[in-house]
Structure formats: C-alpha cells, structure tokens
**Student:** 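My questions will all concern the structure given below.
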Amino acid sequence: MAQCVQSVQEYIQDSFVPMVAVLCSEDAERVTRKNSLSFPELLRPFCRLTSEGKRPSGQTTVHLQDCLSLLLSDRTVKASVPWYSDWKETLTQLSSSKYYTATTPWFETYRENFLQSMPASEHEFLNHYLACMLVVSSCEAVPTERFLKLSQEQHRIQHSGEYTHPKWFIPNTLKYYVLLHDISEGDEQRADSVYEDMKQRYGTQGCYLLKINSRSGSTGADEQMPDPWSQYLHKTSIHNPELYEESAVSNAVENNIETHPLQLDQPTDAGYPSNNASQSVNNVDMTRPQKQASVTSHTTPTPRGTCLTLNDHDHIRQFIQEFTFRGLLPHIEKNIRQLNDQLVSRKGLSRSLFSATKKLFGGGKVPEKSIAELKNTAGLLYPSEAPELQIRKMADLCFLVQHYELAYNCYHTAKKDFLSDQAMLYAAGALEMAAVAAFLQSGAPRPYPAHYMDTAIQTYRDVCKNMLLAERCCLLSAEILKSQTKYSDAATLLIKMTSEDSDLRSALLLEQAAHCFINMRGPMVRKFAFHMILAGHRFSKAGQKRHALRCYCQALQVYKGKGWALAEDHINFTIGRQSFTLRQPDNAVAAFRHILINDSKQSAVQQTAFLREYLYVYKVTGDGSLPQLPLPCLHSSQTRVFCGHERRLAEGEKQAATHVSLDQEFDRDLSQLWRELEERVVAVVNRGAVPITFQPSQCCLNSQTDNLRYPLAVVEEPIIVEVVFRNPLKVPLALSALCLLWKFTPKDFSDPQGSTAGETITNEKEATMALNGIIDTQVIPEFTITPEETKVARLKLLPHKTGELHVLGVVYNLDTGEVDNSSLAEDLMCVRGQQNLEIQGSRLNMTKEEKTSVTYGPDHRLDPIITPPMPLLEVFFINFPTGLLCGEIRKAWVEFVNMSAVPLTGLRVASTHPEFFTFGSAASDLTPVTPTAAEHCSAYKTVAMPPSVETVSLVSPAAFGVTSGDRPVVAEIPLSQGVLGPGEALQIPLWLRGPDREGVHEINFLFYYESTEKTAKLSHRVLRHTAFICASRSLSIRATASRSNTLHSRERETEERQEEEEKNGSMLVFVDVENINTSEAGVREFHIVQVSSSSRQWRLHKCINPVGDKDSKLASRERGKLCFKATRCRTEEGGASSSRAHTQIMHSMYFYAKFIVSSTTPCADFFFRRGLPSEPRRGGVSTGGASQMWRQSGTDDGVTNIVKKCSEVELDIIVLWKAYVVEDNKQLILEGQLHVALQTIGKEACSLSQKEETQEMVLLKFKPDIPPPVSKPSLEQLSHLIKTCLHYPESYDHPFPQKSLCMVPVTLTLSNCSLAQVDVIVDLRHKTTSPESLEVHGSFSWLGQTQYKLQLQAQEVYRLSLKACFFQAGVYNLGTPRVFAKLAQTSAMCETSQQSAMPALIIINSV
C-alpha cells in the first residue's frame, strides 16, 4: 500500500474512539457561532488527550459528533443514512493533495471517512454513544430548567423507540452538564452562581463551567491567532452535497506525471506529456474562474475562532480533560465492573449446565464447520440482555479505553459463543476485533492472527452479504500486513475485495495493491503498472476521470520505452481521451501524438482510428493558431536548399552545362575539388592571393556542407527547399496546400550600412497570395504519402526584394487520405497546421573548450541573404563528344549566353584537366566561324607542301598560355570589348584531345564570371560542368635515343661541315609505333602522317625510312619502327634560342602532301599542356636511381650537372596520326597526336604513362627523417663522358704467303661530350675472353704503345693512330680497346669505363 502519514496504531486508534453526543440550546449555539463554529466543531481540535487517566490505558482519543443536527434536520429514516453513499462526491475533494506517488492522501481521507461514517450495527457497540453533553448558555433566564428540558429530550430520543439511530451504548447514558459563558457579553457573577447551583444539583463530576469569547471579533483583528480547526473542518464540507456539483467542475486536476513510480520520495510538478509549467497531478488549478459566486464564497477561507484567545484555548482543553478523566472514564470503568459482575453471575450456571449437557449427550468438542456448511444465520439477533452481547459490549468498552489484552480475551470468548450459536455476523465481528486487539497489544505477546481476518472477510462477504463490513475488515488487515512488510499478502487481500458491484471501491483497492507491489523488497514494477491500469479503468467506469487519468499516467512511466508498443499505445490513447474529456487539450494532443509519431505496431484500421481521433481533437480544440502537427515525420537534418536557376536541358545538338542540381548526390571530395578550383581562379584574378573575405560558392546546401555562414541568393532567382517527409503509419496521409513558412526582413544592400528598408514580414498569418509581391511562394495543392513511404517535396520561393530571408517550416492541411464522398466529414477531419524546420548545426571541435564539451554551431542553410541582381551565365556545348581515341583531336564549339539583365565580364575557365581542352592561342586562326562550316574540316591547320621536306620554326610556350613548367589551370575567355551584355550570346571553338590513358574520365570545368557593378555581398559567380569522356586505345609510341657510331659524315661534305658536326654531335632516334586498338569504335587502320620534334638543343635531321617516302600504315595489332637522325641545333639556331629563355625549336618531318603546322593551335596547345613537361625539374634527382652519398669541397652540384648533361636529351617527339573509322557505313577520318619525352640516352620513353603501383602501408614515423644525401652521378652517367669511334678499311688484301704478318692502320677518334676537362686512359691490352668470340672473329694484336693517358678539353675531338697486326686471313672485331675516363677536377674519383662502340668488323683477304 501507499505510504501513510499516520502509523497503523494511530490509524486504528483514531478509527475506534468513544462516541459522545452533544445537545445544545439555541443560546449556546449562538455563543459558539460568533466564532463561525458549532459547539462540537469548537471542541474538535482539543479532543486528543496526551495525559493518562485512572487506568494506564495510554493515549485516549474522544470523538465528538453533533447528533442533534441530524435528528432535528429531518426526523425521518434519512437521518440514519451514512455518508458512505456519497463516496463518489468525495474523490474530487480528496484529489487536492500534492502527493501522488509515495502517498495517496485521497485514499487515506476516504478510509478515515469511511470508518467514521459506518452505520451503527446491532452486533457491535464501537460506534454507539457512551455519553451526551447538555450545553446551555449562562445568559438563559433559568438555566436549570433548560438543562432539564435537554435531559428529557435526550431520554426521549434514546428510550422512546421512535429513532433507530443514533444507537446508545448502555441504557444509563452519562449526561454531562456544561454551562457555556460568553465573557464578552454575560455576567460572570451570575454564571458562577448558576455553576455553584449546578454542582449542588449534579455533583462536581457531572458539570462544568466553560468560559469563552474573551474578546470581541472586532478588536485585535490584525493579530494572528492559530487556527486549529482548519485541518478538521475541511473534511465535513464534503458532507454537503449541494456544494459538490460546482466544486467538482472547478476542481481542475492537471495530468502531470513525469517521474518514474520508483522515485517515491521526489514528487515533481513537471508536466506530462508536455513539460508545461502546470501544477501537480493533485493540485487544484486556481486560475480557472468559478462558475457561480456561491461556490467562490465557500472556497474562500472563513476566519474561525476570532473571539477566542489563547486562554480560551486553554479553557477548552482543560474542559476536555475534566470531562474525560472525571466524567467519561469513571463512567466507563463502572460499566466494565458491572458487566463483569453480571457475566460472572449469569454465565456461570447456564454455561456450566450447557457444557455438561453437551458432554453427556454429544461428547466433547463441537466439530468446527466450514463457512460453506454453515447455514445463513446473518439475520439472527440476540436480545439486548443476552450474555453473549454483554461479553461483546464489555470487549468493546475495553477496546475503546485501549485495554487490548482484556479486550482480546473477551472477543475470543464471544467468538466461541457466536460460532456455537452459528451467529455468523456476530462471530465475524468478534474475529475481526480479536485480530485487531491482538495486533495492538503492547509487547506483542501473540502473533497477528491473519487467519481471523480472512475468516471474517469471507463471512461478511459470502455469508452475510455485507460488503461494508468486509471492506472495513480488509482495510484494517491490509494496513496491519503492510506494517509487517507483508506486501504480497496485503496485495492479495486487496485484490480479492474487488468486485463488479462497486467500481469506485475496486479502483481504490487496486491502486493500493499496485503500491504494495512497488513497495516490496524487490519491487515488482510491471505488476504495479498493470494494476494501476486496472485501477484507472475502474476509476473511469466510476466516473472519476481525473483519478483514471492519474493512474494511466503513472503506469505509462513503466511501459514507456520498454518495447511494449501495444500497451503503450493503449495507455496513450486512454490518456488522450480522458484528457480531452477533462478539457485538457494540450495533454490530449500530446498523448495522441505519442501514438502516431512512434513506429506503431497497430493494424491499419486501428491506426486510422487513432489518426481520426487525433485530428478530431485538434479540430475541436483549435484556437485559431497553427498547431504543431506530428505527421508526417519531418527529417529536418536532411533538408537541402538550392539557390539559383535550375539547369536547362539539352536543345538539339546543344548540351547545357551540368552545373549543380538537387538530383545530384553530394560528394565531399568533389566539393573540395570545386572549392580548390574556385580558389585558383580567385587567386589569379586577385594577382596570386586569395582574399580573406573569400567565401566559396555553394549553390546546394545540405547537412554535409559548411553552413556556418549565411548563404547568398540573388533577387529574382528561385530558392528551392527540398523537405523529406516520412509516413510512419500503415495508412496513407493526404497533405494539401503545402507551402513553406518564412520570415523576411527587407534590406537595402546598396547602402554601405545595409539599413533595414521595412518591417519583418511573415506568411504565418497573412495570406500567401497577398505577399507574392515580395516573395512568390509555391503551393503544392495535393501531396499524398503512401503507407510507410519516405517522400521528398521541393518547395520554391521567388524573392522580389533584397533582404534577409528565414525559412521557418512548412504549412499544410493534414487529412487521413481516405476516400470519402462526404465533404462535411472531410472538413471535420482536415486540420491545418505546421511543422518547424529546426536544424542542429555540426559539432564544434576547434578550441579546447569545444573539444571538452558538446557544443554545436549554427546552421544557416535556411537563412539566405537576398543580394542585388547579378549576371547569370548559361554555357552550351555543341558537337561535344562522349568518346575519343587516346590522343584524338576533336573540334567542338562553346556558346556563352547571359540570361540575366546585368552584363557580365571577367569570364574565365578552370579545369582539373587543362590538357584536355584549349580555346586556342591569341594568334590562332578561328576560321571557320560556325560549327556547320567546320563540320568536315580538319582540326589542324594544314599547308600544301611536297612530302618528306623538313620545316623548322621557333615557338614560345607563353604564346599558348604556358608561362612556367606547370600546366595552365585557368584560362581567360576573350569577350568582345570584355563584356557580355544582357541576353547576348557568344560562340567560340573548343579543341579537345582524348586522354592518354584509356577508360572513363571525369573532367570538371569551372566557369568564373563577375558583374560589371561590384557589390559587397557577392563578388563573383561560378558555373560548373562535368563531362565524362570514354577514351579508347589508339597507338602506343616508344622512343629511344642512342649515340651515333660515326663522328663525321662519310658523304661528300666540306671540311667545315664535318668539323661542326663532329663538335656538335648527333644521335639516332628510334620510334616504335604499335596499334593497340582492338578494332574498337570501328577503327580500321592508323596512318602516321607526320613526326615533329620540339627541343632547345636538338632537331630531327633525317628520316631513315626503308619504305621510302610513303606513310606508315598500321592495322590492328601491327607495329612499325621509324628511325631518325637527330643533330644538335646549329649556331644560328642556338643563338636564336638563347635569346629567348623558353623558346623551343619545332621541327617537323611529314609524309603527306599537306603539312600540319604543328607550331600553331591546336597542335602546339596540347603539346605545351601535356601532362609531363619536357623541362627538367630544378634540383631533381639524377635518373640513375639510388646512389651513395658523396661530398667534395663545394663542387658536387657542378660535377653532377656536368655529368648529367652528357647523357641527357631534351627532345620531345610529337607523332601525328590519322585513323580511318567506319561508322554507319560511312568512312570517317579521325586525327590525333601523341607525345613522347626523351630524357636520357639509352632510356626508353613511352607515350602511355606507366600505371602506378599500389603503395604499401608505411609505418608512421615520429622522428624526423634524415635529410636526403647529396646526389652524385651514377656509373651509367659517368660512362657517357667519352664517345669513341674506329676508322679503318672495311676490307684489306694482304699476300700472306709472301709476307706472313699483315699491318693495318686504324684511327681511334675520342670525343669529349662534357663541358669540362676529362682525363682519359686508353688500354689496348684488353683481350676478349669469350671463346665464342674467338671462334667467330679470330685473334689479332695491337702493335706499338698499348696504353695511353690523355687529357681532353671540353668538347675536344682527339684522333689516335694505331696499328693492328693480323696473322692470317679472316673476319676480325677491332672494337677491343677499353677507354676509362674521369673528370680532371675530381682527383678522388676513379676512372669509369666508357661505353664501347658497336662491333667494328674488318675482313682480311689473302691474295
């Protein structure tokens, strides 16, 4: 059971107290009415005595009741009807307590009033009157006569037989005469004289003079006096049925349970289901107006005891002491002695004879019979003089004076007699009081006989059919069991007493049973909640809606969030209905909201019923404002905002730029890429520096974008808000008139201060159509969401003025989505409401405070700033391909259109793949001027010339937008007069080159443009385009450079030319071309039409083509090889190149009659934009790979550069080709070019970049890495210092028979390839050790000096004359001398063997 304020002993003792009647004269009543009290009410607070009487009976409580008002108000049987019939009226008053979980004060008050208002019964005397006070005022003319009349009236009431109630304990009732004296009005001497006469007449122990009203009501009104009557008199107000109806209406109980039932000691005032600042569940809402003034007058507290002083309080308290100890207790003891004597004298003979007769004829002990076997003897009545009743009367007297041991003995004796007579009503009463008396005995001599109570309850209920007595017995026993912590037994007892005959009693007992379960040592929470639900149901049936609501709310705290979905739905549905009945719409709406917003497991039919109920509550209780609707679920965090025009679709051959749209998924890496591109363009525009105020353009905002800043939108351009709805129900939802809810503050941004141009405007209350002049708001007429569907709605706003816009939420009409022909039903079920778009920003994690706490930043994606007009660019691509061969050149066209009314300027484009496209150089020829005219023309610029003629031209990379080694990322697009006016369009050619690697390539274009009028809010705008190009295989080019074997030309040339070539040097370039296309896209064959070179040092001199001047044709999987002779630039060419640091010489070898001008657009553009620039990186590591670190006196870098230049070749090869393609039975000719960069002699270069190997996982290093060692030349580089060549006759005739030794002169030419002095050692003693070589080439000897040490100056050519000696005819290899060389300035370095020349074969003939 719930916790009680009183202990169980106090509760039982207060329930069974001596009853004293009061008869007052009219004058005495008038005296007490000065204090707004009747005489019994005046004495009520002082009736609890703390001192002991003559017997050590402990604390005694005297209960006084004014029975005269009952008898005189209506002298009919109605006077005997107890207050029990008005229980339903009490609960509204009882629910005014602030406790609601740990205690149930309404139940305590109900229990107290129930026990005190029990009707007097014939089988017990506990509530019979023991005495009667006769009260007369001292101002009466003859008080003694008045006392006589009152005494006669009492005698008539008790003995005339006209009245069945009240009941009197004994025939000789104690009469106590009280003379009431009003000190403020009466004569005190006269009162004293009358009192002396009374003492002579009635004795000192039978009368008393009570003096009250020591002051008048007007004097000292401001003095605060204690009011001990308030705690007693509020209970009597519920007896007045006339006040109940109005008080029940005014006593509004708010349903505000939020705490868990286990939290018993912490009552809270938090609201349920919403946390509104309302009162507790049991508090009276005093803010509501009362219906009638009469009710207000009763509810306002009336001052009581205004004429009494503290001395008067002491007089009353002394009077009660005197009455109790000198009148009542002696009277009770005297009656106990008399009853004891009578019982001893009367029962001794009869009982002994009776028992003897039973022993003679019936044996010993009478066998006990069960309750079912006993006949119904509930109607059996004993005469008042019966000995059994005298025993019961004596037991009750002992019980009232708290002599519990004697009372138990008497009850036990009476119980046996009643059971013997089968007087079950009397027996049950004796069992009940025997159990109570046994429990109340001090020292607990015997355990509490719970089975007595169980038998009594069963007898009352089943045999006697008296539920009142059974309930009293149950209440007493449950309280006793609770005090012994036997909560389980108490709960079982309370549950047994529930029945269908009284919903109110069952509800109260079920609630107490629930509290028993929660107060057990191991709390049974689910049983608590279940029985609270049962109690709430019975409260509801009994008409106690507020208590039903309270029980359901307490049970909800257990079921909520535990997965009991169906139970939780039932509770919330009941709470919603009860709250609606109690005119608590907020709580009703909140309860129905819980049913709908969670993932309900109800059937579709049940969900429809819930939804209709919910909409009906909203419809009926609506106050005109837009309510917050829970359906459909609104995923605010997934809201996306798009600012700007939607992109246009393709028109014919025109393909519009992709830009940004809501149909594209957000990619964080791609977003970062666009940001970097925009930063590059902004840096170029601002001369290399990005402004501090730079804000990247964000057209589409979502949860992953940076929303800390306010987005910028442009006036007269739409703003689209994408809202995500989810229908959690299994029934469709019909939304209508769906639009955005916004707030707008006009501002003039032309003013530097940005002053406000008007008041804030919102469409929450005003009609949307009326505000279309400021902001056009799109309204979706119908929006249906199917069951359990997630659906996206895109709502548009079109601002017409500048300012600050805030999107607050969405507004719509909500309906069930059912097909109903009745328009009236549709109107009833349709509710217009709103949902707010509340977005939580991303968590801040920058500062230390933010990292140690959970702080979220703002999210301004719904708060755009409307800026002044800006230009709007649209870009269309004409003849833009989707597939290209690797290296293929295609010409397309781009159209720029200004869609706005503002001119644009500063048009630029940036791309992630600048090598993919070019707009041409400033000097390029743009003819033909239209795409149609250029449909069948070559993408290259060609000139008619005879084939196999070489051309040379000087080209500067700066003319093609390349100013450094890096590729140009940003290109400026030329506009006529630098401006593109409103509505104007511009078409320019665009050359495209297929990527070198096959596959699908994503190529991003960022078009940047500005307005001619600079604004502070928006400095520029961008347009994005993403193109996907599928690259197919074409040709694979591999090139190798090797040194020439000859140092002078064997053709007929002048000596000067020979000397120069020997000094400048030459080399051979081998170009391997392979067709790796597997007949994709219908490619038949490739033709190599031209080979061009670009270098500052070398040029192609001659083509060594075995097929003559014809071009090379390669079908699928075929391979060809081209050989070119490359020579260093001539002096005049070198001088020209040295005058311009970055000027390169472009030399072309072509095989067709039409020469492609490779030094102009687009060939030169793509060459200079290629992925790997030919310029060596400064400070780069040598190509020899890893080498050991070495240092030498500050000359390391110089030596490295000298050695590297010996083997480096800065020569780029451009191979131009044509491909013949068959498509749709038509033959097309495709053109393209591939690039190969030769870097080192002997190292192969390829046009296809090698695939990067997957990097392995590397351990993290927490220590700084050792600085890389200083690079030194590798052995391969050092082996290229000296170039050697042998000059000898190819065949030599010698007569061996005549002369056995053949001497042949040989010249060894040594050429220093470096720019420094070189020490050279020539060793002729080297022998070939390979036996195969000896067998093939034979053996010979060198005559003369066999080792030479020489020093060659920079680029010096030295000729050394040798003689070879042969012994017989044959074929000999003269390439046996070994040459060692080192730089003269590096003394610590050893000589390195130089690369030997190719085999030098000589034929010796014998003649």
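Both backbone and side-chain heavy atoms feed into the values below; hydrogens, waters and symmetry mates do not.
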**Student:** Do the non-hydrogen side-chain atoms of N1004 and R1024 ever get within less than 4.5 Å of each other?
**Tutor:**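 Not touching, per the 4.5 Å side-chain cut-off.
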**Student:** Looking only at heavy atoms, which two atoms of N1373 and A1400 are closest? And how far apart?
**Tutor:**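 Closest heavy-atom pair between N1373 and A1400: OD1-N, 3.1 Å.
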**Student:** Kindly indicate whether the side chain of F880, heavy atoms from C-beta on, has any atom under 4.5 Å from the side chain of K654.
**Tutor:**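 No - every pair of side-chain heavy atoms lies 4.5 Å or more apart.
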**Student:** To the nearest 0.5 Å, how far apart are CD in E665 and CG in L670?
**Tutor:**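 Reported value, rounded in 0.5 Å steps: 12.0 Å.
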**Student:** Does L1278 offer a backbone N or O that forms a donor-acceptor pair with the side chain of Q1394 under 3.5 Å?
**Tutor:**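 Checked: pair present.
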**Student:** More than 12 heavy atoms of other residues, nucleotides or ligands under 6.0 Å from CD of Q1227: is that the case?
**Tutor:**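 Counting neighbours around CD of Q1227, more than 12 heavy atoms of other residues, nucleotides or ligands fall under 6.0 Å, so yes.
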**Student:** Quick one: list whatever passes side chain to side chain contact (heavy atoms under 4.5 Å, CB included) with P881, sequence neighbours left out.
**Tutor:**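 Partners of P881 by the side chain to side chain contact (heavy atoms under 4.5 Å, CB included) criterion, ordered by chain and then number, come out as L884, R890, L992.
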**Student:** To the nearest 0.5 Å, how far apart are OG1 in T1026 and CD in E1002?
**Tutor:**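 Output value for this atom pair is 5.5 Å.
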**Student:** Between S1034 and C886, is there a donor-acceptor pair closer than 3.5 Å when you use the side chain of the first and the backbone of the second?
**Tutor:**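 Yes; at least one donor-acceptor contact below 3.5 Å.
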**Student:** Only counting residues at least two apart or in another chain, list the ones meeting ring pair (Phe, Tyr, Trp, His ring centres under 6.0 Å) with Y1008.
**Tutor:**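 Y1008: ring pair (Phe, Tyr, Trp, His ring centres under 6.0 Å) contacts with H1020.
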**Student:** Taking the side chain as every heavy atom from C-beta outward, state whether M1067 and V1209 have any pair of such atoms under 4.5 Å apart.
**Tutor:**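 Yes; the side chains approach each other to less than 4.5 Å.
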**Student:** Where do A1245 and A1237 come nearest, in terms of heavy atoms and distance?
**Tutor:**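 Minimum heavy-atom contact is CB-O, 3.2 Å.
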**Student:** Establish, from distance only, whether the side-chain atoms of N1075 and S1116 form a donor-acceptor pair under 3.5 Å.
**Tutor:**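 Judged by distance alone, the side chains do not pair up.
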**Student:** Could you check whether any side-chain heavy atom of I1088 comes within less than 4.5 Å of a side-chain heavy atom of V1215, counting everything from C-beta outward?
**Tutor:**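 Yes, at least one pair of side-chain atoms sits under 4.5 Å.
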**Student:** Would W991 and D1165 satisfy side chain to side chain contact (heavy atoms under 4.5 Å, CB included), going step by step from the backbone distance to the final call?
**Tutor:** CA-CA 9 Å; W991 287 270; D1165 293 79; over 6 Å; no
**Student:** Can you tell me how far apart CZ (F916) and OG (S911) are? Round to the nearest 0.5 Å.
**Tutor:**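 Answer rounded to 0.5 Å: 8.5 Å.
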**Student:** Side chains of F1005 and V875: closer than 4.5 Å at any heavy-atom pair?
**Tutor:**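 Side chain of F1005 against side chain of V875, heavy atoms only: no contact under 4.5 Å found.
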**Student:** About how many Å separate OH of Y1220 and CG of L1230, when rounded to the nearest 0.5 Å?
**Tutor:**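 Answer for the CG-OH pair, L1230 versus Y1220, is 10.5 Å.
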**Student:** Where is the tightest heavy-atom contact between S1042 and I1241, given as atom of each residue plus distance?
**Tutor:**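 Answer, listing the atom of S1042 first, then I1241: CA-CG2, 4.2 Å.
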**Student:** Quick one: CG on L1238 to CD on E1210, what's the gap to the nearest 0.5 Å?
**Tutor:**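 So the gap between those two atoms works out to 11.5 Å.
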**Student:** Could you report the tightest heavy-atom contact between E1085 and H1087, atom names first, then the distance?
**Tutor:**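 Closest approach of E1085 to H1087, heavy atoms only: OE2-NE2, 2.9 Å.
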**Student:** Looking at every non-hydrogen atom in both residues, tell me the closest pair between H1280 and C1313 and how far apart they are.
**Tutor:**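 In terms of heavy atoms, the two residues are closest at O-CB, 3.8 Å.
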**Student:** Answer yes or no: is there a side-chain heavy-atom contact under 4.5 Å between S1032 and L885?
**Tutor:**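 SC-SC contact between S1032 and L885 confirmed.
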**Student:** Side chains of E1231 and L1216: closer than 4.5 Å at any heavy-atom pair?
**Tutor:**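 E1231 vs L1216: side chains apart.
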**Student:** Carefully, step by step, assess R1119 and K1121 under the rule side chain to side chain contact (heavy atoms under 4.5 Å, CB included).
**Tutor:** CA-CA 7 Å; R1119 180 185 300 176; K1121 190 162 190 170; over 6 Å; no
**Student:** Identify whether the distance between the nearest side-chain nitrogen and carboxylate oxygen of R1038 and E1244 falls below 4.0 Å.
**Tutor:**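 A salt bridge is present here (some side-chain N lies under 4.0 Å from a carboxylate O).
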**Student:** Kindly indicate whether the side chain of W1098, heavy atoms from C-beta on, has any atom under 4.5 Å from the side chain of S1093.
**Tutor:**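 Side-chain contact under 4.5 Å: no.
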**Student:** Knowing that exactly one of H913, H1025, E915 qualifies, which makes a side chain to side chain contact (heavy atoms under 4.5 Å, CB included) with I1003?
**Tutor:**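 Exactly one option meets the side chain to side chain contact (heavy atoms under 4.5 Å, CB included) with I1003, and it is H913.
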**Student:** Of the non-hydrogen atoms in L1234 and G887, which two are nearest, and what is the gap between them?
**Tutor:**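 Reported closest heavy-atom pair: CD2-CA, 4.0 Å.
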**Student:** Go through the steps to decide whether W1217 and E888 satisfy the test side chain to side chain contact (heavy atoms under 4.5 Å, CB included), and finish with yes or no.
**Tutor:** CA-CA 9 Å; W1217 51 263; E888 179 186 351; 4.1 Å; yes
**Student:** Could you check V909 against F917 for side chain to side chain contact (heavy atoms under 4.5 Å, CB included), going step by step and ending with a plain yes or no?
**Tutor:** CA-CA 11 Å; V909 61; F917 72 98; 4.2 Å; yes
**Student:** Out of curiosity, T658 OG1 to F1028 CZ, how far, rounded to the nearest 0.5 Å?
**Tutor:**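 So the OG1 of T658 and the CZ of F1028 are separated by 8.0 Å.
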**Student:** Do F1166 and H1235 pass the ring pair (Phe, Tyr, Trp, His ring centres under 6.0 Å) test, and can you show the C-alpha distance, the side-chain angles, and the key distance before you say yes or no?
**Tutor:** CA-CA 9 Å; F1166 289 118; H1235 311 129; 8.1 Å; no
**Student:** Measure from the side-chain N and O atoms of Q1233 to the backbone N and O of C1163, and report whether any donor-acceptor pair falls under 3.5 Å.
**Tutor:**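 Judged by distance alone, yes, a pair lies under 3.5 Å.
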